[in-house]
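This report concerns only the one structure given below.
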Amino acid sequence: MLCFPSSGLHLLPHHGNSHSPTTQSPTPDLLHNFNTPFELKQVHAHLIKTNTPLSTLPLSRAAFVCALTPSFAYAQKILERVEKPDIVFWNSCLRTFAEGDSPIDAILLFYKLRQFDVFPDNFTCSFVLKACTHLLDILNGRIVHGYVEKLGLQSNLFLQNMIVHLYALCGAIGDARLLFEKMSQRDVVTWNIMISQLVKRRDIEGAYDLFSRMPDRSVRSWTSMIAGYVQCGKPKEAIHLFMKMEEAGMKPNELTVVAVLAACADLGALDLGRRVHVYSNQSGFRRNVHISNTLIDMYLKCGCLANARRVFEEMEERTIVSWSAMIAGLAMHGQAEEALRLFSEMIQIGVKPNDVTFIGLLHACSHMGMIDKGREFFGSMTRDFGIIPRIEHYGCMVDLFSRAGLLQEAYEFIMNMPIKPNGVVWGALLGGCKVYKNIALAEEAIRHLSALDPLNDGYYVVLSNIYAEAERWEDSAKVRKFMKDHGVKKTPGWSSIMVDGVLHEFAAGDESHPQAEEIFQMWGKLLQKIKIRGYVPKTSVVLLDIEENEKETFLFRHSEKLALAFGLMKTPSGRPIRIMKNLRVCEDCHAAFKLISETVDREIVVRDRNRFHCFKDGSCTCRDYW
DNA sequence: ATAGGGTTAG
């Protein structure tokens, strides 16, 4: 039943050692970490030689040696000399082990205690349970649970909470739930444990059900729930709950701030993000690295590169997350050179990059067509930093080649990948096939994509587009029929814009907005202005079998155009316009926005699915390469 | 003496 730790524990003295123990000085490490009676003797001898009182001996270590070698009276004698070990003493040993880097020692010691006629109490159990938690050791956890029942400690809330936590953490959510349901009393910690564990398992509905049923909610309850919504891709719900939290008079803490800022990043909710930033500083959270990192990400994803940079520069201590976020953000904003410069600065001061850092770097390269640099980083990643490329890195490389028109190289790269390509990888190739009009390779990509990711409409839409551009209308129609037959629905495009703290959302062709008429008139005026400057509607992006003038109607009702017209109507001149879109920005809108930015002299920032487009003075930061 | 969250990419 009992097994001994594998961590270099020697049960017998080193008989082969010809030196007398007293002739050797123990290393400083050994003074605290002796594992055998022999080593204990060495330490003891050292204490005598240096005239150090015996009480300086690390007792928990002595107890450990003693407990594991009860036949060796020496260790026991030392213990007896120092103090009479009672349950409190043993508990503090257990605690030391449980919180140290070898928690298994606590479990071993626990099983040994009965040989010393020591009976565990609630503290004993709590420390062993803590050890089980650190080890994710549900088997020993269940045994300790049995002891808790046998010892009549089942009404101890601390222990019950720890057991519920342990079960859930080890994946036995059913057992955790059962125990939770039959507990005679629960406190806020019990509820919070269940909520955060359900969130961890992506059961956000289950978590909210408990949240709404619990009698008292602490800041932690609110924060777990808000963070849960963010993790489950529901940032609106997260922000809604944050508002409720404020209404309830709860004071957000550091973790709440991180969660809300993450939600703001996802939603592009700059106003709230700024407000939370101010609150965070007022609350004295300025030096919190997690908060600063999330702030950087929030500002980047809201299109405020300068603010992100300021937060980054003002940090006293940066982690790899800070650097990676900044590099990825610069890539998103089309500032590849600056991203690369930041990377070399980081290497120069000795910060070690991780896999995420390289995803950002490779993005920077592919967005700017820096093929050789990208190849270099991909090679250096493993060679110089020992990072094994993940599927995301392969995806970046295929994207890099495909965007640059090196379709054959991209295809061969996929064929030679040591891991199975996923939808993102083939999708990147497909994207390149559209730009460089390679129908055969696009069909090959679709063959893989329809097997890998059959419900993703985006790929079929691209293929249908490719056929349409080649004026192969029948094939284009076939793709759309295929989608219809297989129940693949085209994701409706939408764009949004925040005006005076209110989020306005527009779908393509949307006439439901209360000010729809004014918006259309505004667009009409803009259209006149840009037509003078040479704008020609690119009706080929409209994939409908209709008359040319009808196509224009569709084209002019694209969601990003509606959002822009509305933004220009509602915001003071000179102020930048920020628009978010769920899909990639349309080619025609891109051309139109460039001209509009010039005619109305406004900066227009569009965050699309992949990156930022910042239109200013007639050009875009993507340099039309996206 | 004992219990419960965090950041980059995807």
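To find a chain, count down the sequence lines: A is the first, B the second, and so on, and within it residues start at 1. These figures come from a predicted structure and were not determined experimentally.
Of the listed residues (A/Tyr147, A/Phe123, A/Tyr111, A/Phe110), just one forms a side chain to side chain contact (heavy atoms under 4.5 Å, CB included) with A/Val128, and that residue is A/Phe110.
Side-chain N/O atoms of A/Thr256 and A/Thr223 include a donor and acceptor closer than 3.5 Å. Using modelled atom types and a 3.5 Å distance limit, the side chains of A/Tyr167 and A/His145 yield a donor-acceptor pair. A/Asp187 and A/Thr190 are linked by a side-chain donor-acceptor pair at a separation below 3.5 angstrom, with hydrogens and angles left out of the test.
In the region residues 194-220 of chain A, proximity to DNA chain B at under 4.0 angstrom, judged on heavy atoms, holds for A/Ser196, A/Ser218, A/Arg220.
Among the protein residues, A/Thr223 comes within range of the nucleic acid bases, having at least one heavy atom under 4.0 Å from a base atom. Residue contacts for A/Gln160: at a heavy-atom cut-off of 4.0 Å it reaches no nucleic acid atom on any strand shown.
Side-chain proximity of A/Met162 to the nucleotides B/dT8, B/dA3, B/dA1 is greatest for B/dA3. The nucleotide whose nearest atom lies closest to any side-chain atom of A/Arg390 is, among B/dG10, B/dT2, B/dA9, B/dA9. The side chain of A/Ile359 has B/dG10 as its nearest neighbour among B/dT2, B/dG6, B/dG10. Which of B/dT2, B/dT7, B/dA9 sits closest to the side chain of A/His363 comes down to B/dA9. Nearest nucleotide to the A/Asp187 side chain, out of B/dA3, B/dA1, B/dG6: B/dA3. Residue A/Asp297 places its side chain closer to B/dA9 than to any other of B/dG5, B/dG6, B/dA9.
Applying the side chain to side chain donor-acceptor pair (under 3.5 Å) rule to A/Thr621 yields no partners; only residues at least two apart in sequence or on another chain are considered. Here A/Thr124 pairs with A/Asn91, A/Asp121 under the side chain to side chain donor-acceptor pair (under 3.5 Å) rule; sequence neighbours left out.
Note: NE2 (A/His290) to P (B/dT8) measures 11 Å, nearest angstrom. Between the CG atom of A/Leu295 and the P atom of B/dT8 there is a distance of 12 Å, rounded to whole Å. As a whole-Å value, the separation of A/Arg609 CZ from B/dG10 P is 11 Å. The CG-C1' distance, from A/Asn156 to B/dA1, rounds to 13 Å in whole Å.
Listed pair A/Lys301 / B/dA9 meets the phosphate criterion, a side-chain N or O lying under 4.0 Å from OP1 or OP2. For the OP1/OP2 pair of B/dA3 and a distance below 4.0 Å, the side-chain nitrogens and oxygens of A/Lys130 include at least one atom meeting the criterion. The phosphate of B/dT2 has OP1 or OP2 within less than 4.0 Å of a side-chain N or O from A/Arg95. At the phosphate of B/dG10, neither OP1 nor OP2 sits under 4.0 Å from any side-chain N or O atom of A/His393.
At a cut-off of 3.5 angstrom, the base of B/dG6 holds at least one donor-acceptor pair with the side chain of A/Asn288. Below the 3.5 angstrom threshold, one finds a donor paired with an acceptor across the side chain of A/Ser324 and the base of B/dT8.
A/Val425 has its side chain within reach of A/Met417: a pair of non-hydrogen atoms, C-beta onward, lies under 4.5 Å apart.
Stacking between A/Phe123 and B/dT2 is absent: the aromatic ring centre is not both under 5.5 angstrom from the base six-membered ring centre and within 30 degrees in plane angle.
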Check against ring-ring contact (aromatic ring centres under 6.0 Å, His included), A/Phe97 and A/Phe127: CA-CA 9 Å; A/Phe97 291 137; A/Phe127 297 131; over 10 Å; no
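For B/dG6, the base adopts the anti conformation, since its glycosidic angle falls more than 90 degrees from zero.
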